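For the numbers below, each heavy atom of this structure counts, side chains included, while hydrogens, waters and symmetry mates do not. Start at 1 and go down the list; that is how both ligands and their atoms are numbered. What you see is a predicted model, and the numbers here were worked out from it, not measured in a lab.
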Amino acid sequence: MNDSELIQQVTSLVEKLLKYNHEYYVLDSPSIPDAEYDRLFRQLQAIEAEHPALIQADSPTQRVGGIALDSFSQVQHEVPMLSLDNAFDEEEMRDFNRRVQERLKTTAAIEYGCEPKLDGIAVSLLYRDGVLVRGATRGDGSTGEDITQNVKTIGSIPLRLQGHDFPEVLEVRGEIYMPKAGFAKLNQQAAERGEKTFANPRNAAAGSLRQLDSKITATRPLQMCAYGVGHIVLGQGKALPDTHTGILQQLQAWGFLINAEMAVANDIEACIDYYQKLGTKRDDLAYDIDGIVFKVNATELQQRLGFVSRAPRWAIAYKFPAQEELTVLQEVEFQVGRTGAVTPVARLKPVFVGGVTVSNATLHNRDEVERLGVMVGDTVIIRRAGDVIPQVVAVVPERRPEDAKAIEFPSQCPVCQSPVVVEEGEVVARCSGGLICGAQRKEAIKHFVSRKALDVDGLGDKLVEQLVEQGLVESIADLFQLQHQQVAGLERMGDKSASNLLAALEASKSTSLPKFLFALGIRQVGEATARNLAQHFGKLEAIVAADEEALVEVADVGPIMAGFIRSFFADQRNLDQITRLCEAGLNWPDIQVKAQHQLPLAGQTYVLTGTLETLSRNDAKAALQELGAKVAGSVSAKTSVLVAGPGAGSKLKKAQDLEIEIMDEEGLQALLAKY
Ligand code: IVH
């Protein structure tokens, strides 16, 4: 190949790859399979490796990160990067609108552009003749830092603008953020490596952009969404649309990601409606938002309104209630769970966050306490987003009081005083008291009667606690010896409720083997595993007799779980309980054991992706395996069905490309219910 042919090939590869990249990261609809993209990418990489002079600044290969910097250099913003005024209620929104109307000397309704306020980091991207030449942080608004190397690694940032009608110089402004799913994965990986995790997606995005080594940034799941323009040199005969939303649509046409929720509101009341509607969707969005930004839509009106100090008069951020707040960790108590796990629980100065008052938060285990570096007396950041239980996400070190106390883990169980042990390879400390421990007994009984286990109607946590505290019940088998008078004599119980409870206990005796196995509370044996064990062995006697070798044959049972199952049934006390339960009349039908090839999903391969809401990934996997399916980690031509929840990404795209059947969670539930 001669030089000009080579240049032509490089140019054509770059162009194709930029297009595919845009389809993938911005449009979310790739036109070619990943493998084809990879092939073209490697082809370009190979040519560039041999002829470094041919590497174009906007070559997609430059997204992987370059040489690490010693420091970021400074950048002067030609047009200052402003911030926004805030509104916290409807009145403040109406006041804002009134001010706008007064300044414009009009009573006519003002049209606003509405967009979510993304919780990330503001960025300025400078394009000259359509090529990205500089990326910068906001800094103090006039001077930012040059993060060009880092922004180039972000897939949704065009390295070159699409089309030809763009201004000679175009500065695009927007937010770089980390979607929730990517954040969760990044933190999980960090935690597994014992590294410090990020408090929230915003900190993760900021930390990722602050890397001097852009190769690290390249590994972080960052997105960029455009929300405006800065410095512009239009060039001959060119113009921009005359509304804010029009400009954003133009940016979209040039290759940027803009927010899918963007809308136009005809007046301030429509803005308030938009705010409320999006508020109800907030937790379901794939990214964190902390409010809605409303901008006077007509650019001509924007110019007439101008700025005050650091904020434009034509825009406002209407904030949502905070999902993070500061409070003080007043004390740490230790709770003992069903399996003896001794969990540190933070008692907090009550704080209103994410719509509720929070006064407790789990600190999980010793590793978590160490990772957070938290002490009693510390000011901590509490996060409660959506239905997720409140978390202590970080400590504010500057606010540590002098008398802060280290969190001491007890060496004895706070309930039964048995030694607390940490088994090898585990992080969780456990009370070694087993069923001697009142706490474990209570929890074991609560679990036994819970909905997914024996499902004893009307036997709630409080009643179980009373029964144990009054000495009426020491173990699960004792439940079935309860007498009417004993129950009727309890606090808040009477004849009627006692009869109801005894009837519910009676009714719960007819159960199924999977439910019974799950109810026993064997460590790590969840519903799905219980089902698999039952399906595999058919009879309780066979499970009791199975050795570890036989147990690991069961779908989803590994050597560790097999060990737990073995030691449960090797304990005479547990066997005695089972005997007593059977004598009391507990019964279930045996299960017809099916050979593997007779199972309904035999020969099929399933892949799970995205978030599942009604069951965990592991439970879904086990349930599918139990029906004979294989569950694989990646999509290939051999995949029969992809189960995709919200947040599904590349696997979903690949499955679509390969025309593989795609099922949502509802479909999966329907499938599982069928068998
Ligand atoms: S407009 C002149 N639009 O919020 C208008 N800002 O204090 C300047 N932000 O750090 C900003 N989403 O990065 C605008 N849709 C949006 C936004 C947004 C997030 C951030 C912005 C800045 C802060 C404003």
Side-chain angles (χ1 to χ4, degrees), residues 77-88 92 96 100 112-125 135-145 147 151 154 156-157 171-180 200-206 208-210 222-232 240 243-249 251-252 256-265 271 274-275 278-279 281-282 285-299 301-320 322-323:
H77 296 297
E78 287 80 359
V79 177
M81 288 183 80
L82 302 172
S83 65
L84 290 168
D85 279 340
N86 294 322
F88 293 95
E92 291 180 0
F96 160 74
V100 167
Y112 292 97
C114 325
E115 304 147 48
K117 185 168 185 298
L118 299 164
D119 207 1
I121 307 299
V123 68
S124 143
L125 302 171
T137 61
R138 173 168 178 265
D140 64 4
S142 338
T143 311
E145 283 179 328
I147 52 164
V151 301
I154 299 172
S156 44
I157 294 184
E171 184 196 0
V172 174
R173 292 184 176 171
E175 198 84 350
I176 292 179
Y177 60 98
M178 192 177 284
K180 292 175 192 169
N200 53 41
R202 184 179 192 280
N203 289 2
S208 303
L209 282 182
R210 226 180 281 120
L222 296 172
Q223 288 269 31
M224 132 87 187
C225 173
Y227 59 60
V229 291
H231 177 54
I232 288 179
L240 280 183
T243 59
H244 168 70
T245 46
I247 292 175
L248 293 195
Q249 272 153 359
L251 291 179
Q252 183 176 39
F256 290 91
L257 186 72
I258 62 169
N259 194 280
E261 309 294 335
M262 183 185 82
V264 176
C271 292
Y274 177 94
Y275 171 88
L278 224 74
K281 275 174 84 173
R282 181 184 186 187
L285 294 176
Y287 42 83
D288 271 354
I289 64 175
D290 56 354
I292 305 291
V293 185
F294 296 98
K295 299 171 186 165
V296 171
N297 208 20
T299 46
L301 298 186
Q302 289 186 358
Q303 273 151 24
R304 279 173 52 197
L305 286 160
F307 308 92
V308 257
S309 64
R310 310 220 49 78
R313 287 204 190 87
W314 42 264
I316 192 135
Y318 187 4
K319 302 293 277 287
F320 285 130
Q323 291 183 323

Who's the nearest protein heavy-atom neighbour of [atom], and how far?
{"atom": "atom 8 (C) of ligand 1", "value": "Leu82 O, 3.8 Å"}
{"atom": "atom 13 (O) of ligand 1", "value": "Glu175 OE1, 2.3 Å"}
{"atom": "atom 10 (O) of ligand 1", "value": "Ala122 CB, 3.9 Å"}

Any N/O pair [X]/ligand 1 closer than 3.5 Å:
{"X": "Leu84", "answer": "yes"}
{"X": "Arg138", "answer": "no"}
{"X": "Leu118", "answer": "yes"}
{"X": "Glu115", "answer": "yes"}

Approximate separation, where rounding is to 0.5 Å, of [X] [atom1] and [Y] [atom2]:
{"X": "Phe96", "Y": "Phe294", "atom1": "CZ", "atom2": "CZ", "value": "9.5 Å"}
{"X": "Ile154", "Y": "Leu257", "atom1": "CD1", "atom2": "CG", "value": "11.5 Å"}
{"X": "Lys117", "Y": "Glu175", "atom1": "NZ", "atom2": "CD", "value": "7.0 Å"}

Side chains of [X] and [Y]: does their closest heavy-atom pair fall under 4.5 Å?
{"X": "Leu82", "Y": "Phe307", "value": "yes"}
{"X": "Gln223", "Y": "Leu118", "value": "no"}
{"X": "Leu278", "Y": "Pro116", "value": "yes"}
{"X": "Asp290", "Y": "Lys319", "value": "yes"}
{"X": "Ile121", "Y": "Tyr177", "value": "no"}

Given that the side chain starts at C-beta and the backbone is N, CA, C, O, which of these parts of [X] lies under 4.0 Å from ligand 1, counting heavy atoms, or is it both or neither?
{"X": "Lys295", "answer": "side chain"}
{"X": "Ala317", "answer": "neither"}
{"X": "Pro312", "answer": "side chain"}
{"X": "Val293", "answer": "side chain"}

Any heavy atom of Pro116 closer to ligand 1 than 4.0 angstrom? yes

Consider ligand 1: state whether an atom of it lies below 4.0 angstrom from any non-hydrogen atom of Gly228.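 No heavy atom of Gly228 comes that close to ligand 1.
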
One finds that the ligand 1 atoms under 4.0 Å from a non-hydrogen atom of Ser83 are 7 (O)

Ignoring hydrogens and angles, tell me if any N or O in the side chain of His244 forms a donor-acceptor pair with the backbone of Cys114 under 3.5 Å. no

Salt-bridge test for Arg210 and Glu145: reply yes if a basic N is under 4.0 Å from a carboxylate O, no otherwise. no

Could you work out, for atom 21 (C) of ligand 1, the closest of Tyr227, Trp314, Phe307 by heavy-atom distance? Tyr227

